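Indexing begins at 1, ligand by ligand and atom by atom, following the structure's order. The shown structure was predicted, so the numbers you read here are calculated from the model rather than taken from an experiment.
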Amino acid sequence: MTPLRFPRDFVFGVATSSYQIEGAVHEGGRGPSIWDTFCRTPGKVRGGDTGDVACDHYHRHPEDIALMRSLGVQAYRFSIAWPRIFPTGLETTPNAGGLDFYERLVDGLLAAGITPWVTLYHWDLPQGLQDRGGWASRGTVDAFARFAEAVGARLGGKVAHFITHNEPWCVAMLGHMNGEHAPGHKDWPEALVAAHHVLLSHGVAVPILRAAARGAQVGITLNLTPGYPASASAADADATRHFDGFFNRWYLDPLVGRGYPADMVADYRRLGRLPANGELPFVEPGDLETIAAAIDFLGVNYYTRAILRSETVPEAENLPRQIPEPAAESKTDIGWEVYPDGLEALLLRLARDYPGLPLAITENGASYFTPPDPDGVVHDAARVAYFRGHLAACARSIAAGVPLVGYFAWSLMDNFEWAYGYDQRFGLVWVDFATQVRIPKDSARFYAEVIRTGAVGE
Ligand code: IFM
């Protein structure tokens with residue numbers, strides 16, 4: 001295997017999020033989040049699973065930091081549970097107990113030589129804010145500003161990397177369009193309003209974080225999925241354009257100051273998701289300028305590609321007119337095609353179409369069950385191959401001139417995978433949820449070696 005080398009200052013990290021790992025949902029003054037509510041709504045989460053205990057990271061974070069250290073992990077991306085800081089989202093004074101927890105976590109990381117990358121919002125909205133409309137309400141933007149201010153004031157002196165939001169597409173579309181995620185709404189026009197408020201809150205938070213954390217790098221993370229036409233037909237090419245607009249450009253374009261893509265506004269008007277004409281009803285004067293606040297990096301979460309075949313989709317369905325066509329070849333347990341070339345193509349495309357923006361892979365990983373063998377060892381060869389392929393794609397794109405500054409494996413450990421509950425395991429580390437025993441998998445050793453050598457074999 002030819003080793004592909006990463007630049008010396010390239011950052012190798014691992015990622016998690018609060019609701020997926022912390023547990024301790026009633027401790028430290030935490031209020032309920034929309035995911036606590038959603039998990040208790042019958043039929044929403046597989047097996048009725050909840051994040052009540054998850055990986056018990058709230059109590060076991062010293063052990064988890066030691067684990068990361070043993071793997072040589074250089075940076076840890078985690079998120080702040082908003083309802084730990086503002087239990088209902090409506091308070092004016094933050095909950096000191098919540099801030100204390102994250103400050104202890106940050107101190108532990110710094111002492112271990114691990115750089116914290118803090119995400120503000122990874123989907124656990126305080127239920128109190130949802131009761132007032134959640135992301136469909138503009139008031140949530142103001143509440144997010146208070147949240148950013150409180151976190152910045154407490155952690156700004158110690159944290160130099162902030163991510164405002166994780167995957168606005170998921171918040172808007174899974175949460176408000178198809179109802180797969182909390183709050184479980186199925187309302188296309190509302191989903192577009194929610195998307196706008198998430199982006200607006202990002203733009204509002206950027207200067208707040210910069211002021212609180214002098215010299216900090218501030219960015220946002222998008223889940224980007226490159227679309228490929230299933231055939232050379234004009235219909236499939238148009239399906240691919242539409243998918244790209246729906247999934248990628250609707251978020252990328254306003255963030256870099258281009259506003260919402262005109263072709264998609266036209267599509268959505270035609271499909272009745274936006275009013276047939278006139279201004280977009282949710283965009284107020286100055287919003288697009290706010291959303292376009294300069295960022296220091298764009299976080300990219302990549303898992304798979306989509307293949308688009310327009311004619312397979314029933315016209316009447318209240319879904320995007322085009323659907324991803326799953327490929328037949330290799331898929332992970334969650335059904336997503338393994339396609340590292342898509343990551344390389346995506347990175348090259350971002351560097352070309354959105355130049356001047358440093359990029360970080362803030363999530364990339366694979367769900368495979370692979371339990372411990374009789375000797376207690378987890379031989380997750382498929383995950384090793386997944387990471388090898390995608391890290392090589394990163395190295396190749398850097399060699400081709402892409403300004404890629406870091407890579408975060410999803411995830412440090414098996415955790416609560418949203419609507420799939422504990423059925424899907426993305427971890428480098430196996431978690432026995434009954435005993436909370438952690439077992440680093442072969443993929444953890446593989447990644448540790450990539451970090452140690454700064455190179456990946458192709
Ligand atoms: O587990 C999620 C994460 O919370 C957001 N990005 C995708 C991951 C895998 O589905």
Side-chain angles (χ1 to χ4, degrees), residues 13-23 33-36 38-39 44-46 49-51 54-55 57 76-82 117-125 163-175 178 180-183 195 198 219-226 247-248 251 298-306 324 326 331-339 342-343 346 360-370 380 382-383 386-387 390 407-431 433 443:
V14 293
T16 64
S17 89
S18 46
Y19 191 73
Q20 293 181 273
I21 64 163
E22 284 179 1
S33 81
I34 54 173
W35 272 94
D36 296 288
F38 197 65
C39 290
K44 292 298 183 188
V45 175
R46 204 162 294 182
D49 290 347
T50 73
C55 306
H57 173 80
Y76 176 46
R77 173 181 177 233
F78 63 94
S79 76
I80 309 271
W82 190 343
W117 284 48
V118 171
T119 303
L120 288 185
Y121 187 70
H122 199 126
W123 308 352
D124 37 5
L125 185 75
I163 293 168
T164 53
H165 280 277
N166 182 69
E167 303 181 350
W169 179 91
C170 292
V171 176
M173 294 299 150
L174 302 182
N178 71 13
E180 272 177 35
H181 279 188
V198 169
I220 184 169
T221 280
L222 303 181
N223 53 315
L224 299 174
T225 300
F247 215 95
N248 304 318
Y251 305 88
L298 175 70
V300 176
N301 292 356
Y302 175 85
Y303 288 89
T304 191
R305 67 167 167 173
K331 287 189 208 163
T332 65
D333 285 358
I334 206 166
W336 301 345
E337 184 194 4
V338 178
Y339 194 66
L343 176 56
L346 171 65
I361 302 298
T362 40
E363 284 180 29
N364 174 238
S367 171
Y368 293 109
F369 187 75
T370 339
D380 56 339
R383 185 176 289 100
Y386 184 97
F387 280 125
H390 288 78
Y407 175 95
F408 290 76
W410 184 269
S411 177
L412 167 63
M413 54 190 162
D414 297 335
N415 58 47
F416 174 77
E417 179 52 28
W418 308 112
Y420 295 92
Y422 295 95
D423 265 16
Q424 300 291 334
R425 291 176 177 261
F426 279 88
L428 290 164
V429 174
W430 173 270
V431 177
F433 292 105
S443 56

Which part of [X] is near ligand 1, with near meaning a heavy atom under 4.0 Å away: side chain, backbone, both or neither?
| X | result |
| --- | --- |
| Asn415 | neither |
| Tyr302 | neither |
| Gln424 | neither |

With heavy atoms of [X] as the reference, note each atom of ligand 1 found under 4.0 Å away.
| X | answer |
| --- | --- |
| His122 | 3 (C), 4 (O), 5 (C) |
| Glu167 | 5 (C), 6 (N), 7 (C) |
| Trp123 | 5 (C) |

*asked:* Restricting to non-hydrogen atoms, name the atom on Val431 and the atom on Arg425 that form the minimum distance, rounded to 0.1 Å.
replied: O-NH1, 2.8 Å
*Using only heavy-atom distances, determine whether the side chains of Thr221 and Asn301 contain a donor-acceptor pair under 3.5 Å.*
no
*So, Thr16 and Ser411: side-chain donor and acceptor under 3.5 Å apart, yes or no?*
no
*Tell me, please, whether Tyr339 has Arg305 positioned over its six-membered ring: NZ or CZ under 6.0 Å from the ring centre and within 45 degrees of its axis?*
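The answer is yes, since Arg305 meets both limits relative to Tyr339.
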*Applying the ring pair (Phe, Tyr, Trp, His ring centres under 6.0 Å) test to His390, which of Phe408, Tyr302, Tyr407 qualifies?*
Tyr302
*At the 4.0 Å heavy-atom cut-off, does Tyr420 count as touching ligand 1?*
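In this structure, Tyr420 fails to qualify as a contact of ligand 1 - no heavy atom is under 4.0 Å.
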*Looking only at distances, please establish whether an N/O atom of ligand 1 is found under 3.5 Å from an N/O atom of Asn166.*
no
*Does Trp418 reach ligand 1 with a nitrogen or oxygen that is under 3.5 Å from one of the ligand's nitrogen or oxygen atoms?*
yes
*Full working for side chain to side chain contact (heavy atoms under 4.5 Å, CB included) between Val14 and Tyr76*: CA-CA 5 Å; Val14 293; Tyr76 176 46; 3.9 Å; yes
*Taking atom 7 (C) of ligand 1 as the point of reference, which of Glu417, Glu363, Gln20 owns the nearest heavy atom?*
Glu363
_Check for me whether the distance between the ring centres of Trp410 and Phe387 falls short of 6.0 Å._
no
*asked:* For Arg46, is there an ion pair with Glu417 - N to carboxylate O distance below 4.0 angstrom?
replied: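 So Glu417 does not pair with Arg46 through a salt bridge.
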_Just to confirm my output: which protein heavy-atom neighbour is closest to atom 8 (C) of ligand 1, and how far is it?_
Tyr303 OH, 3.4 Å
